[in-house]
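Encoded as structure tokens, the structure appears first; notes follow it.
Ligands are counted one by one from 1 in listed order, and the atoms in each one are counted from 1 as well.
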Amino acid sequence: MKKSVLLAVVILLAASLGLSACGSGTSEAAKGEGDAQAENTLRLALNQTEDHPSFIALDNFGDRLKERTGGAYDIDVYPNETLGAQQEALLLVNENVIDLAIVSGPQLENLNEDFKVFNLPKVFDDVEHQMRVVHDKAIVGELYASLEQDNNTTVLGGFTQGARSIYSAKGPVETPADMGGQKIRVQESDLFVQMIQAMGGSATPMAYGEVYTALQSGVLDGAENNEVSYFTQKHFEVAPYYSYTNHLVGLDYLIMNTGVLAEMTPEQRRIFDEEWANTYQEHTELWLAATKDAIDSATEAGATFVDIDPAPFTKALQPLIDNSLTTDTQRSVYKATREAAK
Ligand code: GCU
């Protein structure tokens, strides 16, 4: 969709949700009965369910923020794409219709191609390496500030998505040849389209919330994601074969409208930053338990998790990695990221 068309859609969506471009106004969604409203209730768009670690950690973030700022700031987390899918949520933050959103790496790659680095297969060895790099100001400082000028958006850091793997309705994918002819959903990015093609499949970009129905109706044969999304989105019901390709460790960014962030006093900002750091640490801890739980619960419900040899996929993806580093920033961030691996 063209940006102007998308923006019109977003403004209509915002109007239909009763949102106005007021920055940190008070929210309609009361948090709990009897709770005094915070002076500024920040609206945060999320596309996950309420039992997903991202919702839990962000909801706790709001509670701590409210307590430590003496009621000056709170966060209302809107789950399940209720404020729009990520493409729309990104524009709503840019336009100061909402304050915060969690968006996946590919969404930022569409605004500044330097973000591509963290979306590449194999750039992170594991969750620990990823979390260390994406919160290291020496590596990410300039990159995260790069959207402030033109998009009024500050990147604050991120949550892990864990390792992503392929799943299918058709049977276990064990080799790139098994992907032949399969329509696999990807996030909306050229890089991810190329990634699935390199892995042997045919890619269909689509918003997260549409994937279940598309798998159910046969529009898609499969998708790729982590076990937590596979379980919480119930994709295992319609694509019961999950194959451990582990092709990349995904990243979700917390983004915020730059102007709204600038309204905080230095003391409020210090508390906000401290509690955000506690939030992504809590998220990482919740993540490990949620992954195990997702595997156990999906298995019990009939899904099969298959260990495969990832080497043929890794080999097929190497040219994509080599050809994707085209700017100086991409090359230097990639180099620093790989040097930070243990
Ligand atoms: C994960 C990730 C989301 C992303 C989704 C997707 O669930 O955490 O931010 O939107 O994958 O595949 O679209």
Side-chain angles (χ1 to χ4, degrees), residues 44-59 77-93 100-111 115 118-119 121 124 127 130-131 134 155-168 183-193 195-196 199 201 203-215 220 222-236 238-239 242 245-255 279-280 282-284 286-288 290-291 293-295 298:
L44 189 157
L46 180 70
N47 64 359
Q48 308 289 0
T49 56
E50 282 162 276
D51 55 355
H52 188 282
S54 300
F55 181 88
I56 298 169
L58 291 164
D59 197 40
V77 185
Y78 290 73
N80 298 315
E81 296 186 355
T82 39
L83 295 182
Q86 288 186 350
Q87 256 184 349
E88 288 84 44
L90 175 62
L91 279 179
L92 288 171
V93 172
L100 294 145
I102 293 286
V103 294
S104 187
Q107 303 295 340
L108 297 193
E109 169 195 320
N110 293 333
L111 291 184
F115 280 95
F118 291 154
N119 302 335
F124 301 117
V127 172
Q130 179 190 49
M131 285 296 103
V134 305
V155 179
L156 294 162
F159 288 153
T160 192
Q161 297 176 3
R164 298 178 70 112
S165 287
I166 300 280
Y167 46 92
S168 169
K183 289 176 286 203
I184 306 289
R185 177 268 173 170
V186 289
Q187 299 173 76
E188 302 97 324
S189 110
D190 291 344
L191 178 68
F192 278 39
V193 168
M195 179 183 78
I196 289 300
M199 292 171 81
T204 306
M206 190 181 283
Y208 189 50
E210 293 168 21
V211 179
Y212 183 94
T213 314
L215 285 168
L220 293 171
E224 54 83 51
N225 221 311
N226 54 59
E227 299 96 326
V228 178
S229 287
Y230 182 58
F231 178 64
T232 54
Q233 295 295 308
K234 301 195 185 337
H235 293 174
F236 66 92
V238 281
Y242 188 102
T245 49
N246 286 328
H247 46 275
L248 61 89
V249 180
L251 179 61
D252 275 334
Y253 293 99
L254 178 65
I255 57 166
T279 302
Y280 60 73
E282 181 188 4
H283 179 274
T284 306
L286 290 172
W287 187 260
L288 302 174
T291 300
D293 188 51
I295 297 168

Hey, does the side chain of N110 reach the backbone of E188 with a donor-acceptor pair shorter than 3.5 angstrom?
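Yes, because the side chain of N110 sits within donor-acceptor range (under 3.5 Å) of the backbone of E188.
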Short side-chain to backbone donor-acceptor contact, Y242 and N225, under 3.5 Å:
yes
Using a 4.0 Å cut-off on heavy atoms, what residues surround ligand 1? Order them by chain and number.
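Heavy-atom contacts below 4.0 Å: N47, Q48, Q86, S104, Q161, R164, R185, Q187, Y208, N225, S229, D252.
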Among all residues two or more places apart in sequence or in another chain, which pass the side chain to side chain donor-acceptor pair (under 3.5 Å) test with [X]?
{"X": "T213", "answer": "none"}
{"X": "Q187", "answer": "S104"}
{"X": "S189", "answer": "E109"}

Distance only, no hydrogens: is a donor on one side chain within 3.5 Å (strictly under) of an acceptor on the other, for T160 and H283?
no
